[in-house]
Amino acid sequence: MTEKLAIIGAGPAGLTSAIYAARAFLEPLVFVGPAVGGQIATTTEVENFPGFPNGLTGPELSDAMRQQAERFGSRMIDDTIERVDLSRRPFVLTASEGTYEVQSLIIATGASPRKLGVPGEDQFVGRGVSYCATCDGFFFRDKEIMVVGGGDSAFQEGLFLTKFGSRVRIVHRRDEFRADAVLQNRAQANPKIEFVTSSVIDRIEGNGKVNDVLLRNVKTGEVRTTAVDGVFIFIGNAPNTELFQGQLEMDHEGYLKVDSRLHTSVPGVFAAGEAHDNWFKQAITSAGFGCMAAMEAEKFLAQNDA
Ligand SMILES: Cc1cc2nc3c(=O)[nH]c(=O)nc-3n(C[C@H](O)[C@H](O)[C@H](O)COP(=O)(O)OP(=O)(O)OC[C@H]3O[C@@H](n4cnc5c(N)ncnc54)[C@H](O)[C@@H]3O)c2cc1C
């Protein structure tokens, strides 16, 4: 059976696409993939999503979006797409537990955290190295925590981690931070937070779990060993688009190329959210792109005899 529309991804972009597509009676299949709820489900406080004057948690926001999508007939599939064939319609999607034929496709696979790429990082993931404060903060009660990064995520998650750690040191390779002013003021006022600027981690060391890091001052070259229990890394993202290599046009960083109405280089395939957006990277903008992609998919299907 050929489905009208599949959506790969269930973050803000995919779930918003699903709400709009389901309300247009396209009965979308939504592949949830490895990150249920998307990146927003990994954060505690979301204070900038309109409609929630007192804020809400990331999981609350993604759960609400999912319920809304299901209410209108979206079909959630807890599986990951492993291969696609976009060479002709219907497109063929291969998941770990099945193969699907679809007339149109919205790619909302988002992005994954970028790695530091230093020795010890991979070895200690889950044993002191983390990319998710909400998931792992609890394990660092009264422990020494280091947060790497200088943007909103580093500050937001660093503030959250002060609930657990005895001290939270924010390490940034530059002198100045990119995080927004409100977050910077909050962090500066928090007695548990310290800042280590112009510094990078050269190596993460431990014995079964993280014990220390080698910190290098990029101005003086001085390297010192600093004892730490947890290293939380928030240095940006890379798009989850390897699946489409050779089939869709993308830029040198792997972001999908789209036109102003989110059409990719293959007619009938649309992209929404951080799979193509390397600039705004917010839940609300991703949701907005999701809405646009679903409206375009509906038009495409109406014009191309779904
Ligand atoms: C720690 C943190 C805090 C944040 N805080 C805020 C905030 O306060 N406010 C804000 O607006 N934004 C915040 N953001 C940014 C926001 O989370 C992202 O902009 C948004 O989640 C991007 O949405 P997306 O749907 O494009 O992709 P994602 O959220 O990355 O979702 C991608 C989805 O695709 C799925 N997927 C990937 N590959 C496959 C595959 N092969 N098959 C099937 N499914 C697949 C994943 O499982 C996931 O469900 C934060 C991000 C982080 C990391």
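In each ligand, atom 1 is the first atom listed, and ligand 1 is the first ligand listed. Basis for what follows: all heavy atoms, side chains included, without hydrogens, waters or symmetry-related copies.
- With ligand atoms numbered from 1 in the order given, ligand 1 contributes 7 (C), 8 (O), 9 (N), 10 (C), 11 (O) to contacts under 4.0 Å with heavy atoms of N48.
- Backbone and side-chain nitrogen or oxygen atoms of I8 are examined, and none is located within less than 3.5 angstrom of a nitrogen or oxygen of ligand 1.
- The ring of F140 has its center closer than 6.0 angstrom to the ring center of F232.
- Taking distance alone, with nitrogen or oxygen atoms compared against 3.5 Å, Q282 approaches ligand 1 more closely than that limit.
- If you look at F195 and F177, their ring centroids are closer than 6.0 Å.
- Residues L243 and M250 are members of one and the same hydrophobic cluster, defined by side-chain heavy-atom contacts under 4.5 angstrom among Ile, Leu, Val, Met, Phe, Trp and Tyr.
- At least one donor-acceptor pair closer than 3.5 Å links the side chain of E121 to the backbone N or O of L116.
- Using a 4.5 Å heavy-atom cutoff, the side chains of V231 and V213 are in contact.
- The option with the heavy atom closest to atom 15 (C) of ligand 1, from among H276, Q156, K281, is K281.
- A continuous path of ILVMFWY side-chain contacts below 4.5 Å connects I106 to I284, so both sit in one hydrophobic cluster.
- Checking R114, E274, K281 one by one against N237, the side-chain hydrogen bond (donor to acceptor under 3.5 Å, both in side chains) holds for a single residue, E274.
- Distances between N or O atoms of T80 and those of ligand 1 include no value under 3.5 Å.
- The nearest protein atom to atom 21 (O) of ligand 1, hydrogens excluded, is given as P12 CD, 3.4 Å; this is a heavy-atom distance.
- Residue-to-ligand polar distances keep L243 apart from ligand 1: every N/O pair is separated by 3.5 Å or more.
- Ring-centre distance between H263 and F270: below the 6.0 Å cut-off.
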*Stepwise side-chain hydrogen bond (donor to acceptor under 3.5 Å, both in side chains) test for D136 and S130*: CA-CA 7 Å; D136 299 326; S130 173; 2.6 Å; yes

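- Here H276 and F289 bring their ring centres to under 6.0 angstrom of each other.
- At least one N/O-N/O distance between A111 and ligand 1 falls below 3.5 Å.
- Where the criterion is an N or O separation shorter than 3.5 Å, residue side chain and backbone included, A275 fails it with respect to ligand 1.
- Only the side chain of S286 comes within 4.0 Å of ligand 1, judged by heavy-atom distances.
- The shortest contact between atom 29 (O) of ligand 1 and any protein heavy atom is with Q39 N, 2.8 Å.
- If you number the atoms of ligand 1 from 1 as listed, the ones under 4.0 Å from a heavy atom of A283 come out as 10 (C), 11 (O), 12 (N), 16 (C), 19 (O).
- When only non-hydrogen protein atoms are considered, atom 27 (O) of ligand 1 lies nearest to G110 CA, 3.2 Å.
- Residue-to-ligand polar distances keep D79 apart from ligand 1: every N/O pair is separated by 3.5 Å or more.
- Within the 4.0 Å heavy-atom criterion, both parts of T109, backbone and side chain, lie near ligand 1.
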